[in-house]
Number of protein chains: 2
Amino acid sequence: MSTSKALPQPEREEIRIETVLQALGEPVRLQIVRLLAELPDGIACGEIDLPVTASTRAHHLRILREAGVLSTHTEGTKRISSLRRDDLDCLYPGLLSGVLAAPR
Amino acid sequence: MSTSKALPQPEREEIRIETVLQALGEPVRLQIVRLLAELPDGIACGEIDLPVTASTRAHHLRILREAGVLSTHTEGTKRISSLRRDDLDCLYPGLLSGVLAAPR
DNA sequence: CGAATAGTTCGACGCTTATCGTACTACGAT
DNA sequence: ATCGTAGTACGATAAGCGTCGAACTATTCG
């Protein structure tokens with residue numbers, strides 16, 4: 001059977017702008033966010049192609065999750081991460097679209 | 001006579017989103033930006049009331065200026081810093097308003 | 001000129017963070 | 001139960017960053 005458990009993350013009211021901006025201000029993490037912005041269904045950690053090891057990738061995903069930028073739930077042995085677009089758009093309308101509008 | 005020289009700062013095309021986000025992701029700097037958002041005419045370094053020394057303040061202003069977030073010009077012995085709202089809104093529409101919409 | 005004011009620069013300090021490798025846990029398949 | 005796969009946690013290391021005080025530059029005023 002395929003379990004589906006959500007990992008701990010801040011409630012919408014607990015999200016702080018400083019933490020979000022700090023999370024987004026790291027090249028690798030920003031790339032993850034840009035990737036997730038194009039994948040509404042989320043992606044598994046291992047499917048993210050980046051020039052860092054798996055442990056570093058897990059570290060960045062954790063930072064983003066704890067900042068409230070993304071949400072992660074377990075599906076079998078995989079962990080699917082997806083952008084918390086609703087929460088971010090509600091808290092900081094325009095922020096995400098502005099960031100994503102930036103040239104690569 | 002009152003000279004008015006602009007300090008070196010990146011052109012609009014040279015501004016990079018990673019640098020901007022990293023600059024904004026620091027509490028003291030974010031507070032400076034929030035303050036400047038309410039003062040279109042800018043403010044002098046010494047008039048910014050923050051719990052850090054003058055040298056730290058100068059440091060943060062430099063980071064923000066070099067990131068392209070704000071613009072500084074000299075007026076006599078004072079240095080007036082102001083938000084580069086036009087450039088930021090053009091490059092990343094919505095980002096600034098989203099950040100400023102965040103609860104204090 | 002000299003003194004006062006506004007701000008920057010420099011070196012040092014301690015804290016944080018990005019990265020890695022290894023060891024570990026959780027789940028699925030055989 | 002055993003093995004393989006997916007991912008996390010931990011410890012170490014090196015680099016980066018925020019902070020300060022002291023020394024320095026630049027401008028105005030007397």
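Scope of the values below: all heavy atoms of this structure, side chains included, with no hydrogens, waters or symmetry mates. Here is the naming used below: chain letters follow the sequence lines, and residue numbers restart at 1 for every chain.
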Side chain to side chain, A:Leu24 and B:Ile17, heavy atoms closer than 4.5 Å: no
Evaluate whether atom CZ of A:Arg16 has more than 12 neighbouring non-hydrogen atoms of other residues, nucleotides or ligands under 6.0 angstrom away. no
Nucleotide of D:dT27, C:dT8, D:dT8 approaching B:Ala54 most closely (side-chain heavy atoms): C:dT8
Starting at atom CD of A:Glu47, determine the distance to atom P of D:dT5, rounded to an integer number of angstrom. 15 Å
A:Glu66 has an atom CD; how far is it from atom P of C:dT17, in whole Å? 11 Å
How many whole angstroms separate atom CD of B:Glu75 from atom C1' of C:dG7? 14 Å
Look at all strands and tell whether B:Arg62 reaches a base, only sugar-phosphate, or nothing, counting heavy atoms closer than 4.0 Å. sugar-phosphate
Between B:Glu18 and A:Arg34 (salt bridge meaning N to carboxylate O under 4.0 Å), is one present in this structure? yes
Distance in angstrom units between A:His73 NE2 and D:dG7 C1', rounded: 15 Å
Members of residues 15-27 of chain B that approach DNA chain D, where some heavy atom sits under 4.0 Å away: B:Gln22, B:Glu26
Over all strands shown, is A:His59 touching base, sugar-phosphate only, or nothing at heavy-atom distances under 4.0 angstrom? base
Between C:dT19, D:dT8, C:dT8, which nucleotide has the shortest distance from any of its atoms to the side chain of A:His60? C:dT19
Residue met sooner reading DNA chain C from 5', once A:Thr53 and B:Ala44 are mapped to nucleotides: B:Ala44
How many Å lie between CZ on B:Arg79 and C1' on D:dT27, as a whole number? 11 Å
Residue-phosphate contact under 4.0 Å: A:Ser55 side-chain N/O, C:dC20 OP1/OP2: no
In whole angstrom, what separates B:Leu64's CG from C:dT8's P? 12 Å
Presence of donor-acceptor pair under 3.5 Å, side chain of B:Thr77 and base of C:dG7: no
To the nearest 0.5 Å, tell me how far A:Glu66 CD sits from A:Thr72 OG1. 10.0 Å
Pairing donors with acceptors under 3.5 angstrom, does anything connect the side chains of A:Ser82 and A:Ser71? no
Return yes if the base of D:dG18 and the side-chain atoms of B:Thr56 contain a donor-acceptor N/O pair under 3.5 Å, otherwise no. no
Whole angstrom value for the distance that separates P of C:dT25 from CG of A:Leu7: 17 Å
When rounded to whole Å, the CG to P distance for the pair A:Leu50 and C:dC20 reads 11 Å
If you define the side chain from C-beta out and look only at heavy atoms, does anything of B:Arg62 sit under 4.5 Å from B:Arg65? yes
Just so I know, are the side chains of A:Leu35 and A:Ile48 near enough to count as touching, which here means a heavy-atom distance under 4.5 Å? yes
Is the phosphate of D:dG7, meaning OP1 or OP2, less than 4.0 Å from a side-chain N or O of A:Arg57? no
